Amino acid sequence: MKKIVFAGGGTAGHVMPNLALIDELKAEYRCIYVGGSGMERGLCEARGIPFYEIKTVKLRRDAFFKNAAVPFKLMSCVRAAKKTLAEISPDLIFSKGGYAALPAVLAAKPLGVPLLCHESDLTPGIVTKLGKKRAQKVLCAFEPCAELFPNGMHVGTPLRKELYRARAVGAREKALRSLELSGNKPVLLIMGGSSGAATLNACAERAIDSLIKTFDVVHITGKNKSGCTPRAGYRKTEFCDDMPMLYAAADACVSRAGANALAELIALGIPTVAVPLEKASRGDQIQNAEYFSERGAVSVLREKDLTAEALAIAAADVYRKRLEYAAAMKKLTVDGTAEICAVIKDILK
């Protein structure tokens, strides 16, 4: 059985797409995960996916002088990754990006292992840029991104098949029972990504009295992040490994604008207010949000305009116009799981 190494981690946006592909390919190939000490280890172990931890180093966009040592640390990480990959002896490396994928990407060519890179954002991140010449193909979620590379290919984003449980008959009723919500009000899901979003959480706390007049609110705060004080019509959790259940309950969403999160919401037709991360970011979330906004698929609320009143108004407005957003979302094809699996299989023939 041929072996595929999946690399990537740090946030759910880099991990969950890999898990989506593993679910589809594990019957035909031995799928192995290589990553750092982030959430990827726990998610893989919970699913019985073989996991190898490698040394990683992260570029700090908000701390310029701390980055001076990054090249030297990275050299050590690549040497360690070569040793790990030589032990695994994979037939293909698939990089989903993020700092946890970089050592494996840089180690692929010296070992003579075919490499595929996937870029979820509208513009390429540093791992994709460094891997583009080493990769057989650069697979891209957005067509404009694919056009930047001679070996670029527009394929969409890997999405877990289980996400579509959210739209199964009876899924909403079951989700409402799990959340102990009556269903008498529409449900607003607020999520700031797997790491949470302090700015968004704080704004939601200020807006909660206004929001619960219209909605029952389900709030994913992020690990070790606080939410609002308990009250009727408000549920909070730090992290949820059963997103299909929450999506099944959601009538509208307020979300950061990570490419994977937006792809999931669009695929499921959930009207969304996107609040892009701006600080400590290269601007990718703003670009993702504006791309989908220009196509009528999401509403965008910038951080500079983020107030309790603006959040409550935007959430109510996107729900009121939900049919218009649903129509726009149906015109977009964001799920690229099948096409990406086809590329992988073609290379491994």
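Keep in mind that what you see is a predicted model, and the values were worked out from it rather than measured.
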**OP:** Answer whether the closest heavy-atom distance between the side chains of Lys132 and Cys117 falls below 4.5 Å.
**Re:** no

**OP:** Output yes when a side-chain donor or acceptor of Asp335 lies under 3.5 Å from a complementary backbone atom of Gly156, and no otherwise.
**Re:** no

Original post:
Is there a chain of hydrophobic side chains (I, L, V, M, F, W, Y, each step under 4.5 Å between heavy atoms) that links Met39 to Ile49?
Top reply: yes

**OP:** Apply salt bridge (charged side-chain N to carboxylate O under 4.0 Å, His left out) to Glu119 and Lys129, showing your working.
**Re:** CA-CA 10 Å; Glu119 178 58 62; Lys129 289 177 179 177; over 6 Å; no

Subject >> Heavy-atom side-chain proximity of Met16 to Met243 below 4.5 angstrom >> reply: no

**OP:** For the pair Thr337 (side chain) and Leu159 (backbone), establish whether a donor and an acceptor sit closer than 3.5 Å, ignoring hydrogens and angles.
**Re:** yes

Subject >> side-chain contact (heavy atoms from CB on, under 4.5 Å) partners for Pro114, two or more places apart >> reply: Leu92, Gln136, Ile347

Subject >> Heavy-atom donor-acceptor pair, Arg235 side chain to Glu180 backbone, under 3.5 Å >> reply: yes

Original post:
Between atom CD of Glu324 and atom OG of Ser299, what is the distance when rounded to the nearest 0.5 Å?
Top reply: 11.5 Å

Original post:
Can we say Arg47 and Asp23 salt-bridge, meaning some charged N sits less than 4.0 Å from an Asp/Glu carboxylate O?
Top reply: no

Original post:
Does the side chain of Val187 reach to within under 4.5 Å of the side chain of Leu176, using non-hydrogen atoms?
Top reply: yes

**OP:** Considering non-hydrogen atoms only, spot the tightest contact between Gly8 and Val15 and give its length.
**Re:** O-CG2, 4.4 Å

**OP:** For Lys109, look at atom NZ and say whether over 12 heavy atoms of other residues, nucleotides or ligands are found less than 6.0 Å away.
**Re:** no

Subject >> Approximate separation, where rounding is to 0.5 Å, of Tyr33 OH and Lys96 NZ >> reply: 9.5 Å

**OP:** Would you confirm whether Lys2, through its side chain, and Leu348, through its main-chain N or O, come within 3.5 Å as a donor-acceptor pair?
**Re:** yes

Original post:
So, the side chain of Gln285 versus the backbone of Ala257: is there a donor-acceptor pair under 3.5 Å, distance only?
Top reply: yes

Original post:
Can Ile220 be reached from Leu181 by stepping across I, L, V, M, F, W or Y side chains whose heavy atoms are under 4.5 Å apart?
Top reply: yes

Subject >> Within-4.5 Å side-chain heavy-atom neighbours: Val5 and Val113 >> reply: no

**OP:** First locate atom CG of Leu19, then atom CG of Leu43, and finally report the distance between them rounded to the nearest 0.5 Å.
**Re:** 6.0 Å

**OP:** Nearest 0.5 Å please: distance from the CG atom of Leu85 over to the CD atom of Glu87.
**Re:** 9.5 Å

**OP:** For Thr214 and Lys185, work out which heavy atoms get closest and say how close.
**Re:** O-CB, 3.8 Å

**OP:** List the atom of Pro90, the atom of Ile93, and the distance in Å for their closest heavy-atom pair.
**Re:** CG-CG1, 4.3 Å

**OP:** Find out if a path of hydrophobic residues (ILVMFWY) with successive side-chain heavy-atom gaps under 4.5 Å connects Ile286 to Leu148.
**Re:** no

Original post:
So do the side chains of Ile212 and Leu188 get within less than 4.5 Å of each other, counting heavy atoms only?
Top reply: no

Original post:
Say you draw a straight line from CG of Leu200 to CG of Leu311; how long is it, rounded to the nearest 0.5 Å?
Top reply: 6.5 Å

Original post:
Going by the ring-ring contact (aromatic ring centres under 6.0 Å, His included) test, which pairs reach into residues 131-153, not counting sequence neighbours?
Top reply: Phe142-Tyr291, Phe142-Phe292

Original post:
Do NZ/NE/NH1/NH2 and the carboxylate oxygens of Arg302 and Glu290 come within less than 4.0 Å?
Top reply: yes

Original post:
Is there a path from Ile4 to Phe51 through hydrophobic residues (I, L, V, M, F, W, Y) whose side chains come within less than 4.5 Å of each other?
Top reply: yes

Original post:
Looking only at heavy atoms, what is the nearest atom pair of Ser120 and Ala259, with distance?
Top reply: O-CB, 3.1 Å

Original post:
So, for His118 and Thr128, which heavy atoms are closest and what is the spacing to 0.1 Å?
Top reply: O-OG1, 4.3 Å

**OP:** Test side-chain hydrogen bond (donor to acceptor under 3.5 Å, both in side chains) on Asn201 and His219 and set out the steps.
**Re:** CA-CA 9 Å; Asn201 288 349; His219 186 185; 2.8 Å; yes

**OP:** Indicate, with yes or no, if the rings of Phe94 and Phe6 have centres closer together than 6.0 Å.
**Re:** yes

Original post:
Would a 4.5 Å heavy-atom cut-off, applied to side chains only, mark Ile190 and Lys236 as touching?
Top reply: no

Original post:
Quick one: are Asp121 and Cys145 in side-chain contact, heavy atoms under 4.5 Å?
Top reply: no

Original post:
Taking all atoms of both residues into account, what is the closest heavy-atom pair of Leu163 and Leu268, and its distance?
Top reply: O-CD2, 3.7 Å

Original post:
Around atom CZ of Arg30, are there more than 12 heavy atoms of other residues, nucleotides or ligands at under 6.0 Å?
Top reply: no

**OP:** Nearest 0.5 Å please: distance from the CG atom of Asn18 over to the OG atom of Ser95.
**Re:** 8.0 Å

Original post:
Quick one: do Val138 and Leu106 end up in the same hydrophobic cluster if we chain Ile, Leu, Val, Met, Phe, Trp and Tyr together by side-chain heavy atoms under 4.5 Å apart?
Top reply: no

**OP:** Determine, for Glu264 against Arg160, whether the closest basic-nitrogen to carboxylate-oxygen distance falls under 4.0 angstrom.
**Re:** yes

**OP:** Apply side-chain contact (heavy atoms from CB on, under 4.5 Å) to Glu143 and list each qualifying residue two or more places apart in sequence or on a separate chain.
**Re:** Glu147, His154

**OP:** Report yes or no: does Arg322 contribute a side-chain atom to a donor-acceptor pair with the main-chain N or O of Tyr319 at less than 3.5 Å?
**Re:** yes

**OP:** Measure the shortest side-chain to side-chain distance between Leu115 and Val105 over non-hydrogen atoms and say whether it is less than 4.5 angstrom.
**Re:** yes

Original post:
Would you find a donor on one side and an acceptor on the other, under 3.5 Å apart, between the side chain of Asp305 and the backbone of Leu301?
Top reply: no

**OP:** List the steps, then state whether side chain to side chain contact (heavy atoms under 4.5 Å, CB included) holds for His14 with Val127.
**Re:** CA-CA 12 Å; His14 292 120; Val127 176; over 6 Å; no

Original post:
Would you find more than 12 non-hydrogen atoms of other residues, nucleotides or ligands less than 6.0 Å from Glu45 atom CD?
Top reply: yes

